[in-house]
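Treat the numbers as computed from the prediction; the structure is a model and nothing was measured. Atoms within a ligand are numbered from 1 in the order they appear, just like the ligands themselves. Residues take their numbers from the sequence shown, with the count starting at 1.
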Amino acid sequence: MTYEQEPLMEGFKVKNQNMAPQGRLQIEWASNHMPVLAQIKTKFIEEKPLKGLTLAACLHVTKETGFLVETLLAGGANVALCGSNPLSTQDDVAAALAQVGAKVFAWRVQTTEEYYWCVERALDYNPTITLDDGADLVSTIHDKRQELLQGVKGGTEETTTGVLRLRAMEQDGALRYPIIAVNDAYTKYLFDNRYGTGQSTLDGVLRATNVLFAGKNFVVCGYGWCGRGISMRAQGMGANVIVTEVNPMRALEAAMNGYRVMPMSEAATVGDIFVTATGGTSVIRKEHMTRMKDGAILANSGHFNVEVNPKYLEELATSKRNVRPNLDEYTLKDGKRLYLLAEGRLVNLAAAEGHPSEVMDMSFANQALCVEHLAKEDRMAPKVYTVPKEIDEKVATLKLDAMGISIDHLTEEQQRYLTTWKMGTA
Ligand SMILES: NC(=O)c1ccc[n+]([C@@H]2O[C@H](COP(=O)([O-])OP(=O)(O)OC[C@H]3O[C@@H](n4cnc5c(N)ncnc54)[C@H](O)[C@@H]3O)[C@@H](O)[C@H]2O)c1
């Protein structure tokens with residue numbers, strides 16, 4: 001029986017409903033480490049700011065997303081949820097969310113066809129607001145489901161790649177409803193992309209391989225917010241980090257942070273472990289793969305599975321076998337073996353559990369407050385907006401409070417000093 005032939009179970013399709021109790025424990029564990037979102041949930045329970053709204057969310061279905069969905073439900077919304085990657089859904093969490101009334105269409109290990117089937121089922125609920133991680137809801141609505149456009153008030157976008165796609169749509173004049181770029185909040189990308197991706201990417205590589213990092217040549221492709229975090233954490237575990245970049249400022253920053261910087265053609269010959277995090281495509285290509293050492297490990301932490309394109313490995317290899325979960329061995333003509341993790345998909349989500357709850361606390365606090373903002377606003381033009389400064393600052397303040405950290409405040413004299421042009425050399 002295929003997924004299409006199976007009857008839909010009362011508005012959801014998950015792998016196994018019996019996994020709900022385990023998923024509930026996972027969400028509870030995440031929520032214990034998400035104090036900012038917990039405060040927002042309490043406020044949502046009292047005020048019901050999302051009452052009567054239908055939200056469609058295309059997010060990695062993790063335990064942290066579970067707590068976000070529960071927060072949105074607590075605010076009075078109906079929520080339809082699909083996964084934002086064929087390999088990232090935690091099936092127990094999906095089951096637990098279906099049990100509390102979310103319309104969940106997600107399971108781990110999907111074909112591309114199944115993935116988009118789930119996207120379309122979430123959209124069948126006629127959303128007023130969309131929450132995306134990679135812009136697949138927005139692009140599907142604009143390409144195939146234009147009848148939904150008149151009912152959509154706005155949307156949010158979680159990641160760098162999604163924001164890039166949406167800005168391209170805006171520039172082409174194609175974007176038909178407003179989007180808040182949650183990714184661009186300081187309390188999102190400075191923490192989630194850096195510390196979250198840094199820690200969880202290493203976690204993914206370790207769970208898939210269990211290799212020792214100390215002493216290895218660890219190549220990080222792209223020194224953006226994710227790349228900075230991955231490099232920092234790999235160095236912390238004793239790896240010799242090599243950075244490849246196309247942006248001279250970022251390359252310079254990497255060099256001054258103590259990493260070796262070189263083109264991919266050189267890095268290919270010396271690297272033991274390669275991780276891409278560029279948001280671009282075909283970063284590691286055939287000409288690099290053929291120059292790699294026997295046993296080289298390849299992983300990707302960028303949004304789409306095109307940075308280390310598995311197609312190139314398929315074309316070069318004479319044989320392929322699965323060695324461990326999320327670890328495929330490709331043998332090339334000359335007998336050399338290359339190892340690809342999680343089919344080149346986001347290694348931290350496919351081979352581990354994604355970001356730790358503490359960073360998702362801030363990312364998803366931004367999501368919840370931006371959804372509330374969209375619910376209240378009536379006259380936003382179809383553009384990509386940054387997160388309102390008040391929301392970003394509120395999230396930072398709540399997080400500091402939750403961490404038991406207090407900070408100084410400017411005195412009146414200091415405030416005057418900083419705003420006058422009359423005081424100079426004393
Ligand atoms: N794994 C996760 O959980 C996770 C979390 C956040 C973001 N992301 C994704 O990671 C990717 C990177 O995000 P970011 O916030 O770090 O973006 P960013 O824009 O800050 O950094 C990307 C960097 O890659 C560089 N780059 C581009 N093409 C390159 C190439 N061919 N070779 C070497 N360097 C190249 C750019 O110059 C830039 O410095 C995006 O796809 C984003 O959606 C993943």
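- Protein heavy atom at the shortest distance from atom 43 (O) of ligand 1 is T159 OG1, 2.7 Å.
- Using a 4.5 Å heavy-atom cutoff, the side chains of T140 and E120 are in contact.
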Which pairs of donor and acceptor atoms, one on a side chain in residues 292-299, lie under 3.5 Å apart (sequence neighbours left out)?
{"unit_1": "K293", "atom_1": "NZ", "unit_2": "V270", "atom_2": "O", "d": "3.3"}
{"unit_1": "K293", "atom_1": "NZ", "unit_2": "D272", "atom_2": "OD1", "d": "2.9"}
{"unit_1": "D294", "atom_1": "OD1", "unit_2": "R337", "atom_2": "N", "d": "2.8"}
{"unit_1": "D294", "atom_1": "OD1", "unit_2": "R337", "atom_2": "NE", "d": "3.3"}
{"unit_1": "D294", "atom_1": "OD2", "unit_2": "R337", "atom_2": "NH2", "d": "2.9"}

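- Set against the non-hydrogen atoms of T161, the atoms of ligand 1 under 4.0 Å away are 40 (C), 41 (O), 42 (C), 43 (O).
- Remark: the backbone N or O of N348 is not paired with any side-chain donor or acceptor of H355 at under 3.5 angstrom.
- In terms of protein heavy-atom proximity, atom 2 (C) of ligand 1 is closest to N348 ND2, 3.4 Å.
- At a heavy-atom cutoff of 4.0 Å, ligand 1 is contacted by the side chain of H355 but not by its backbone.
- If you check each of S200, A350, G279 against atom 11 (C) of ligand 1, the one with the closest non-hydrogen atom is G279.
- The NZ atom of K63 sits 4.5 Å away from the OG atom of S357 when rounded to the nearest 0.5 Å.
- The proximity of V246 to ligand 1, defined as any non-hydrogen pair under 4.0 Å, involves the side chain as well as the backbone.
- Side chain of D361 to backbone of L37: a donor-acceptor contact under 3.5 angstrom is found.
- In terms of protein heavy-atom proximity, atom 16 (O) of ligand 1 is nearest to C226 N, 2.9 Å.
- The shortest heavy-atom distance from W225 to ligand 1 is under 4.0 Å.
- Not a single N or O atom of E307, backbone or side chain, sits closer than 3.5 Å to an N or O atom of ligand 1.
- Between D136 and C58, the closest heavy-atom pair is CB-SG, 4.4 Å.
- Here the heavy atom of the protein found nearest to atom 1 (N) of ligand 1 is S301 O, 2.8 Å.
- Taking distance alone, with nitrogen or oxygen atoms compared against 3.5 Å, H303 approaches ligand 1 more closely than that limit.
- More than 12 heavy atoms of other shown residues, nucleotides or ligands fall within 6.0 angstrom of atom OH in Y385.
- Atom 22 (C) of ligand 1 has as its closest protein heavy atom T278 O, 3.5 Å.
- Looking only at protein heavy atoms, the nearest one to atom 5 (C) of ligand 1 is T197 OG1, 3.3 Å.
- Of the residues D328, V308, V347, the one that meets the side chain to side chain contact (heavy atoms under 4.5 Å, CB included) test with L341 is V347.
- Side-chain atoms of K188 do not come within 3.5 Å of backbone N or O of Q367 as any donor-acceptor pair.
- At a 4.0 Å heavy-atom cut-off, ligand 1 touches L346 through the side chain alone.
- Here the heavy atom of the protein found nearest to atom 12 (C) of ligand 1 is A277 O, 3.6 Å.
- Close approach of ligand 1 to T244 (heavy-atom distance below 4.0 Å) involves ligand atoms 33 (C), 34 (N).
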In sequence, state the C-alpha distance, the side-chain angles, and the governing distance for S301 and T197, and then conclude on side-chain hydrogen bond (donor to acceptor under 3.5 Å, both in side chains). CA-CA 8 Å; S301 220; T197 313; 5.7 Å; no

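- Taking atom 19 (O) of ligand 1 as the reference point, the nearest protein heavy-atom neighbour is T160 CG2, 4.0 Å.
- Atoms of ligand 1 found under 4.0 Å from any heavy atom of G222 (numbered from 1 in listed order, with element): 24 (O), 25 (C), 33 (C), 34 (N).
- Note: R121 CZ to Y116 OH = 14.5 Å, rounded to the nearest 0.5 Å.
- Contact detail for T130 and V152: the closest heavy-atom pair is CG2-CG1, 4.5 Å.
- When the heavy atoms of H60, R165, E245 are ranked by distance to atom 36 (C) of ligand 1, first place goes to E245.
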